[in-house]
Amino acid sequence: MTDVSADHGTVLPPGSSALVVSAEGELSFYLPENPPDAPVPRLVQLLAAVLMRSEDEEWVEEMLCLFEDQSRN
């Protein structure tokens, strides 16, 4: 991966999407400027789904427990 940055942070490669957590713990979702009728790639849909579910504290706790369990193995 090429290290590209700007005054405001890292620059995403063209066509990339990202779900970013700020130092304050806030989520931001970045999408490329595609035509409105362009299909949304499956993994970008996954990022959007994670963003939507992030407001469900019970789901977040469940995911963090799964993460901890996997980290121990």
Side-chain angles (χ1 to χ4, degrees):
M1 184 169 120
T2 305
D3 183 24
V4 179
S5 61
D7 292 341
H8 58 276
T10 301
V11 177
L12 293 175
S16 295
S17 300
L19 183 58
V20 177
V21 181
S22 72
E24 294 80 26
E26 295 178 5
L27 289 172
S28 297
F29 190 34
Y30 296 94
L31 296 168
E33 292 185 23
N34 291 329
D37 60 341
V40 179
R42 184 169 172 82
L43 292 179
V44 174
Q45 292 177 37
L46 176 61
L47 290 178
V50 169
L51 177 61
M52 292 185 317
R53 289 298 299 267
S54 69
E55 294 184 18
D56 179 344
E57 281 298 320
E58 188 174 309
W59 181 82
V60 171
E61 287 304 315
E62 182 182 342
M63 293 301 103
L64 291 174
C65 285
L66 285 172
F67 177 77
E68 287 176 18
D69 290 347
Q70 291 296 317
S71 297
R72 293 184 190 132
N73 294 330

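Residue numbers count from 1 along this sequence.
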Co-membership, hydrophobic cluster, residues [X] and [Y], 4.5 Å side-chain:
| X | Y | answer |
| --- | --- | --- |
| V20 | L31 | no |
| V60 | L46 | yes |
| L19 | M63 | yes |
| L43 | M52 | no |

Problem - Minimum-distance pair of heavy atoms, taken over all atoms of Y30 and S28 - result: CE1-CB, 3.5 Å
Practice task
Return the minimal non-hydrogen interatomic distance between Q45 and V40, and the atom names on each side.
Solution key: NE2-O, 2.8 Å
Handout entry: L64 CG to E57 CD distance, which is reported to the nearest 0.5 Å
Key = 9.0 Å
Exercise for the section: Without swapping roles, check the side chain of S16 against the backbone of L12 for a donor-acceptor pair under 3.5 Å. Expected result: no
Exercise for the section: Take V50 and L47 through the side chain to side chain contact (heavy atoms under 4.5 Å, CB included) test and state the conclusion after the steps. Expected result: CA-CA 5 Å; V50 169; L47 290 178; 5.7 Å; no
Exercise for the section: Begin from the C-alpha positions of L27 and F29 and carry the test side chain to side chain contact (heavy atoms under 4.5 Å, CB included) through to its verdict. Expected result: CA-CA 7 Å; L27 289 172; F29 190 34; over 6 Å; no
Exercise for the section: May I ask you to test the S17-P32 pair for a side-chain heavy-atom distance under 4.5 Å? Expected result: yes
